[in-house]
Structures are given as structure tokens and as C-alpha cells.
Student: 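Once you've had a glance at the structure underneath, I'll fire off some questions.
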Amino acid sequence: MNHHRKKEGTDSMAGKMDQWDLDYLYTGFEDERLAQDMTRLKEDGTALRTLLDDGTLPEAEKLERLIAGSEALNAKTDRLSNFISCTLATDATNTAANKADDQLMALYTMLIPVFSGISRFVSTMQDLEGAIAGSELLKKCAFSLREMKEKAEHLIPDAIEPWILEMQLSGGNAFSQLRDKLDSTVSVDYRDEKIPLSGVRGKAYDPDPRVRRDAYDAEMAAYSKIDLPMSYCLNSIKREAITLAKAKGYATVLDMTLASSRMDRETLDALWTAVREFLPDFRRYLKAKAKMLGHEGGLPFWDLFAPVGTASKTYTIGEARETLIRELGKFTPKMAAFIDNAFEQRWIDLYPRDGKTGGAFCSPVHYADRSLVMTNFQGSFSDVSTLAHELGHAWHNRCLAGLPYELIDTPMPLAETASIFNETMLSYQVLKSCGKEERLTLLESGLMEATQTVVDIYSRFLFEQEVIDTRADHAMTVEELKDAMLRAQDASYGDGLQPEARHPYMWACKSHYYSSGYNFYNFPYAFGLLFGKGVFARYLEKGEAFVEDYCRLLRMCGSAKVADVAASVGIDVRNPDFWRSSLEVIRKDIDEFCLLAQ
Ligand SMILES: [Zn+2]
């Protein structure tokens, strides 16, 4: 490892070293191979369609050729979509990239019926098991093929599917776009300025308490300008979800969501059972934070995100790299080498710059056994933690290397396992060695996030459940929605929040409720955080012996139902005890925070 020498870089190198390398995909939009792949992708799609229509081939042979063809097609989209979307992520107005993106989108639209055609074909096969037994490729993809067969009863009839897809464009999708427009264009009167909603929401993190309070008041006033159209968006999207669940033959919207998450009710119930038991602990944390900030009783909503303690240490990228290698490397030297290599091979686009989108992500480049990571690093501990998180995703991708594309789709509840594991490992190691004041700050920021992911997410689940139940009967008014939200917050935050200072408009604030293709876009977050922590607790128990189990678990994420993936390392997600053990990790932090806060 030569990162100690390399990390400094020279000024002329700096500009290059901190941006990711996409050259191994294509050298640019004028690269001939890009146009060729685009053409070949279309040809692959057409060939698969012809194959689907072929009535002469024996079914086993036909299936093998369909799957081989779809694997080849996926490798091309992998390369194309990574190059295009990653270019756009750092250069939003790039004309060539935008044009290529439009072309690729049009190709996707053409490919959707091809993929559902394959599922349909599988569901009509006389002897799927015979075909699987007779082919190496199909044996590898057995889980995915059996799942296609199992889900076949929930396919919308062939003849209607295109019409439903089409109507969603002017139904749920359109309402979802309207919601984004309302959210991004409403102007908020904050003090003497007019600012966007995202700007005023950001002030919730401001160190000045008056700024946070004024921002909250301004935010509430702004929602009252858009709440009526927002309520129509929400009512319509949820009505569509109810209709789709019926059309697909699911008893409820929740059942439809659980099926697409490869999860069962028992698991979800076990999760919520444990969460409900620990709500008083989260409330204890909220009240301790309230006391620190000079409030009686619970926190007012506007202080949920208030920073606590003095500003902590800042990191250069060199220090961040060293910290990650040192602390995460304690798990296994392979992790240290992996992270070092990711920096060395420039997998990461590090700093904010003009035209680059906010936030962070990790995108797998499966065919090349690599990942691409984007962050907006500015030197805070939370930025280092974000790097740990995204590199966790990258590690997960590494564990999936060599598997067919059919088996690499990790369902949402499991998708955050490796990222949460890394975050938890980093803060666990850093907390061991830092001073009291910094400890308080770090503990608090971890608890603030955990409270969002457990307590707030629980309130969102309760709210969405109530909206869907009520919507089956009638469209909810703005007042009804506000009441339902306050009830949900009461059931989750309880006396941790001041009763008169809650957030009745959270349903207008969070875009997750308006995702037309995905309902209950909430419980996977709670599942993900607590599963990741629970897996980490296993590691603490078993030490190095757990490393292999962990990698095997990650490799299995796209090849089995959630409960079976967990069971492979001895975790029973249907038993509340597992979730209690994860929440216990958070309770220890709460205990310590309350002690330090005094
Ligand atoms: Zn993530």
C-alpha cells in the first residue's frame, strides 16, 4: 500500500485525482464504441423479441437462449447507463450526455415488454425444473426463474399491460411530477427573503436557535399555499396504488409492496414489535436533547436537527482516506486493500463543483467488477462517514462479482446492509478514541439519524397505512391529512416532541409518499438500519470468524428471500429478538448520551 505517498498528490494532479475515471467505459461521447453499443442494444432487444415469438424451439432451449441474450443485453446497458448517468451527475448540462440519455430511455421503454415477455414465457413453461436441471446457466439463475413463475399469477394480462403503463404516465406519474414542481417552485417567505423549500428546510441544522424557529414558521406558512394540490397528488397516487394492487391480485397495497421487497408480514410485524418497545428510549434521548437546548419537556420539531456540542474535527481527503483504511481495515485487511484500491483507481468523484448534483451515491459497474462513487466531500466527520457508507455499497458490489445479472438485484430492505455496517464500524472505532466533547457531538449526530430512521419512519408507516385505508373509502381533505399526520407523530414520538410544536405537513414534505411505483417507501429504511446494526452486533460477538459469513450473506442478497438471506448467517428476522438486539446497540448510545448531556 503506497497511499501515504500518493495521497498528497501534486497540484497539477489534484484536479484529476479527485475526479472519477470513466475512461474504461468509453473515452467520450464521440467514442465509436458507444454508438455501436447503442445500436447493438437495440438489435439485442429485437432479437429477444423474435425469439419470444418463436414457436418452434423446445422450451428449455428457448429459455436458455432468452436468459443468455438478456445477460448480454444487461452488460451493454450496464456500461452505457453508467457512463451516461455518471457523466450527467457531475455535469448536468452536458449536451451530448443528455442526448444519449434520451436515446437510452427510449430503448428502455422498448425493452420493458421484452423482460415481462420473458417472465410470461417462464410462467407458461411445462417443465421449468427440467430446464433448470439441464443447463448450467439456468441452474445459476434458478432462484430468479422460480420467482418469475411464482409471481406470474400477479402479472397484469398481456393485452392490458401497455394501456396501464400508458395511463400511469397521465395518472400516478403525472401527479408525482406535479408534486415535485409544487415542491421546487413554491417560494417561502423567510424573514425578508424569498427562498425555496429546500433552503428553508436546510436551516433546521443552523446553530442559531432563532434561525431554526423562524425557518419552521416560514415552512409551515409555505405549505398552506400548496396543500390543496398536494392533497390531490397524494390521494390520486394512493388510489392508483389500490387499483393496481387489485388488478394484480394482491389483497392489499402492503402485500404488493412486501412481495416486491421479498419480505413477509411476519418479518415486518417482528420489526415493528421491537421498535414499539424501544420508543420510550428514543423519547428519553429527545427529552435530554430538549433539556440541553433549554426546553421543558419534549423537543419542538424545529430543534430535532439542531447541532449539539462544539464543532468537531475536520478532515483533509488524505486524512479521510487514511482513517477509512485504518478503521474499516480492522474488520479485515481485505477491506483496507479494497478501499485503498478504490482511491488509487479513481472510483470516486470527491468534491462539489459547478454542475454536479448534491448528495452521494454508489453505482455498480458489474461487468467490470468495479463501482463508481460520487460524494460532495467538504471535510466534516459526516462526510467521512458518507464515504464509508458508499464504499460499503462498493464492497457489497464486489461480493456480488461474477454472478449473473439475474441475481444481483438486492431488494430494498437488504440494500443498505453493507453501507450501514461500514458506517457503524467507523463510528464504533472513532468513538473509542475521541475526547468527551467530541464524543457527545458524534453520539448525538448518530442518534439524530437513528431517530429519523426508526421513529420518524415508524410515523410515516402508520400515516401511509391510514391514508391507504381511508382512501379506499374517500379522498382525504387537507385537514384529515394533517390530523392523520399528527396522530402518527403522537404514536411514534410521543412526549419526545412538544404536542403543540409538531409537523402536520410532513406528508407534503417527504417525496417518498409520492413515488408512484413504490408504496410504503419507509419500512425498508428502518429494516436496513436495524439489520445493518444487527449484523454488526454479530460481528462484535464472533470477531474475525464472521468475515466470511458476512461476505457470503452479501453475495446472497439477490438470490433468496430476505428471511432466507438472514437465516444463512443464523439471523431470524421473523423473531423480534433479533430486532431487539439491534435496538439494544442504539439504547447503549442513548444511555451514554443522556449521561454526558447532564
Ligand atoms: Zn446507501
Side-chain angles (χ1 to χ4, degrees), residues 20 81-82 85-86 89-90 260-263 271 320 324 327-328 331 335 338-339 342 347-350 352 356-366 370-378 380-401 408-428 445-454 456-457 460 510-512 515 517-518 520-536 539 550-551 553-558 562 565-566 582 585-586:
W20 52 25
S81 68
N82 269 301
S85 64
C86 289
T90 54
S260 71
S261 310
R262 296 188 183 141
M263 233 174 98
L271 168 72
L324 292 168
E327 304 304 350
L328 300 180
F331 176 59
M335 178 72 87
F338 176 78
I339 294 174
W347 293 14
I348 316 170
D349 202 281
L350 284 163
K356 180 167 165 177
T357 57
F361 67 76
C362 172
S363 179
V365 190
H366 186 62
R370 287 197 188 205
S371 289
L372 287 164
V373 168
M374 194 206 80
T375 65
N376 279 279
F377 186 86
Q378 288 182 292
S380 69
F381 178 74
S382 124
D383 290 341
V384 183
S385 180
T386 300
L387 270 171
H389 179 111
E390 301 306 338
L391 287 166
H393 284 303
W395 173 263
H396 192 167
N397 298 336
R398 165 59 51 87
C399 294
L400 294 164
I408 62 166
D409 264 341
T410 301
M412 271 197 64
L414 292 174
E416 298 299 328
T417 309
S419 54
I420 298 291
F421 184 94
N422 265 13
E423 270 188 51
T424 310
M425 176 82 181
L426 179 69
S427 80
Y428 175 81
S445 75
L447 288 173
M448 180 166 80
E449 261 175 56
T451 303
Q452 282 302 295
T453 317
V454 178
D456 198 71
I457 286 290
R460 293 188 216 177
K510 291 292 168 194
S511 63
H512 300 85
S515 160
Y518 203 99
F520 293 100
Y521 204 154
N522 34 56
F523 70 79
Y525 285 99
F527 185 108
L529 178 83
L530 296 176
F531 189 70
K533 291 224 186 264
V535 169
F536 184 74
Y539 158 64
Y550 178 63
C551 297
L553 166 106
L554 293 178
R555 189 169 175 82
M556 223 183 133
C557 279
V562 166
V565 174
S582 310
V585 177
I586 301 176

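Numbers here simply count residues along the sequence, with the first being 1. All heavy atoms count here, side chains included; hydrogens, waters and symmetry mates do not. Each ligand, and each atom within it, is numbered from 1 in the order the structure gives.
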Student: The Zn ion (ligand 1) as vertex, arms to NE2 of H393 and OE2 of E416: angle to 10°?
Tutor: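 H393 NE2 and E416 OE2 form an angle of 90° at the Zn ion (ligand 1).
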
Student: Report yes or no: does E390 have an N/O/S atom closer than 2.8 Å to the Zn ion (ligand 1)?
Tutor: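 Of the N, O and S atoms in E390, none lies under 2.8 Å from the Zn ion (ligand 1), which means no.
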
Student: Centroid separation under 6.0 Å, is that true for the rings of Y539 and Y550?
Tutor: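 No, too far apart.
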
Student: With a 6.0 Å cut-off on the ring centroids, do F527 and F523 count as close?
Tutor: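 No - the distance between ring centres of F527 and F523 does not fall below the 6.0 Å cut-off.
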
Student: Looking at residues at least two apart in the chain, or sitting in another chain, which of them share a salt bridge (Lys or Arg N to Asp or Glu O under 4.0 Å) with R262?
Tutor: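 Residues passing salt bridge (Lys or Arg N to Asp or Glu O under 4.0 Å) with R262: E147.
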
Student: Distance check below 2.8 Å: does H389 bring an N, O or S atom to the Zn ion (ligand 1)?
Tutor: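 Coordinating: yes.
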
Student: N397 and S371: side-chain donor and acceptor closer than 3.5 Å?
Tutor: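 There is such a pair between these side chains.
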
